[in-house]
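Predicted, not measured: the structure shown is a model, and the values here were computed from it.
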Amino acid sequence: MRNKLRILLIEDDMIEVMKLNRTIGSSQLPHEVIEAKNGEEALDFLRSDAKLPDIILLDLNMPKMNGIEFLEILKNDETLKYLPTIILTTSANQKDILACYKVGIAGYVIKPLKYEDYVIKLKSLLDYWSLNELIKG
């Protein structure tokens, strides 16, 4: 039995936001996507009275606050640090990958260039997380 995921997507590129929403829609997945344009907007949402997401999809390269800075704040917060956070980025830089795993991410996914490959990768990622037992908050 799959869970319907509540996904917080932290992404400043509107084309990437559209790609994720299109992938979910065309794959007929029941997931709900909450969008934040940067780390600050995401933290405002997470600290509001809104229901917490099941997972976070986080881009690394963003203005104001990059993904690693966001992760460090998230992982130092007693309420938010257990939210599974998956990096979704174009960076294959080993330094970035190591820094993210050191902070405590749940996964690191490199965005493929071809849309068809993106759909396959994202559908697999969302299927995996929809099968997990998640913290209900």
Which atom pairs, donor and acceptor, lie under 3.5 Å between side-chain atoms of residues 22-35 and protein residues at least two apart or in another chain?
{"residue": "T23", "atom": "OG1", "partner": "K19", "partner atom": "O", "Å": "2.8"}
{"residue": "S26", "atom": "OG", "partner": "R22", "partner atom": "O", "Å": "2.9"}
{"residue": "S26", "atom": "OG", "partner": "T23", "partner atom": "O", "Å": "3.4"}
{"residue": "S27", "atom": "OG", "partner": "T23", "partner atom": "O", "Å": "2.8"}
{"residue": "H31", "atom": "ND1", "partner": "L5", "partner atom": "N", "Å": "2.9"}
{"residue": "E32", "atom": "OE1", "partner": "R6", "partner atom": "NH1", "Å": "3.2"}
{"residue": "E32", "atom": "OE2", "partner": "R6", "partner atom": "NH1", "Å": "2.8"}
{"residue": "E35", "atom": "OE2", "partner": "N21", "partner atom": "ND2", "Å": "2.9"}

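Between the side chain of N38 and the main chain of P63, no donor-acceptor pair closer than 3.5 Å is present. Formation of a donor-acceptor pair under 3.5 Å by the E72 side chain with backbone atoms of E69 is not found in this model.
Under the 4.5 Å side-chain heavy-atom criterion for grouping Ile, Leu, Val, Met, Phe, Trp and Tyr, Y108 is not connected to I120 through any hydrophobic cluster. There is no path of hydrophobic side-chain contacts, each under 4.5 Å, that joins L131 to Y128.
In the model, D96 has a side-chain atom that pairs as donor or acceptor with a side-chain atom of S91 under 3.5 Å.
Within a 6.0 Å radius of NZ in K121, other residues, nucleotides and ligands contribute more than 12 heavy atoms. Heavy atoms of other residues, nucleotides or ligands lying less than 6.0 angstrom from CZ of F45 number more than 12.
Distance CG/L43 to CD1/I73: 5.5 Å, rounded to 0.5 Å. Atoms CG and CG, from L58 and L83 in turn, are 12.0 Å apart once rounded to the nearest 0.5 Å. Considering CG of L74 and NZ of K81, their distance stands at 10.5 Å, rounded to 0.5 Å. The distance from the CD1 atom of I86 to the CG atom of L126 is 8.5 Å, given to the nearest 0.5 Å. The CG atom of L113 sits 12.5 Å away from atom OH of Y118, with the distance rounded to the nearest 0.5 Å. Atom CD1 of I55 is separated from atom CH2 of W129 by 7.5 Å, given to the nearest 0.5 angstrom.
In this structure the side chain of P84 never reaches within 4.5 angstrom of the side chain of D54, judged on heavy atoms. Contact annotation: the side chain of L8 never approaches that of L57 to less than 4.5 Å [non-hydrogen atoms, C-beta and beyond]. Using a 4.5 Å cut-off on side-chain heavy atoms (C-beta onward), I87 and V109 make no contact.
Of the candidates T85, L9, I7, L46, P53 forms a side-chain contact (heavy atoms from CB on, under 4.5 Å) with just one, namely L46.
Under the salt bridge (charged side-chain N to carboxylate O under 4.0 Å, His left out) criterion, K75 pairs with no residue, sequence neighbours left out.
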Steps toward salt bridge (charged side-chain N to carboxylate O under 4.0 Å, His left out) verdict (K111, D59): CA-CA 10 Å; K111 299 173 194 168; D59 184 28; 3.8 Å; yes
Apply side-chain contact (heavy atoms from CB on, under 4.5 Å) to the pair M62 and I10, showing each step before the final yes or no. CA-CA 9 Å; M62 293 181 296; I10 308 170; 3.6 Å; yes
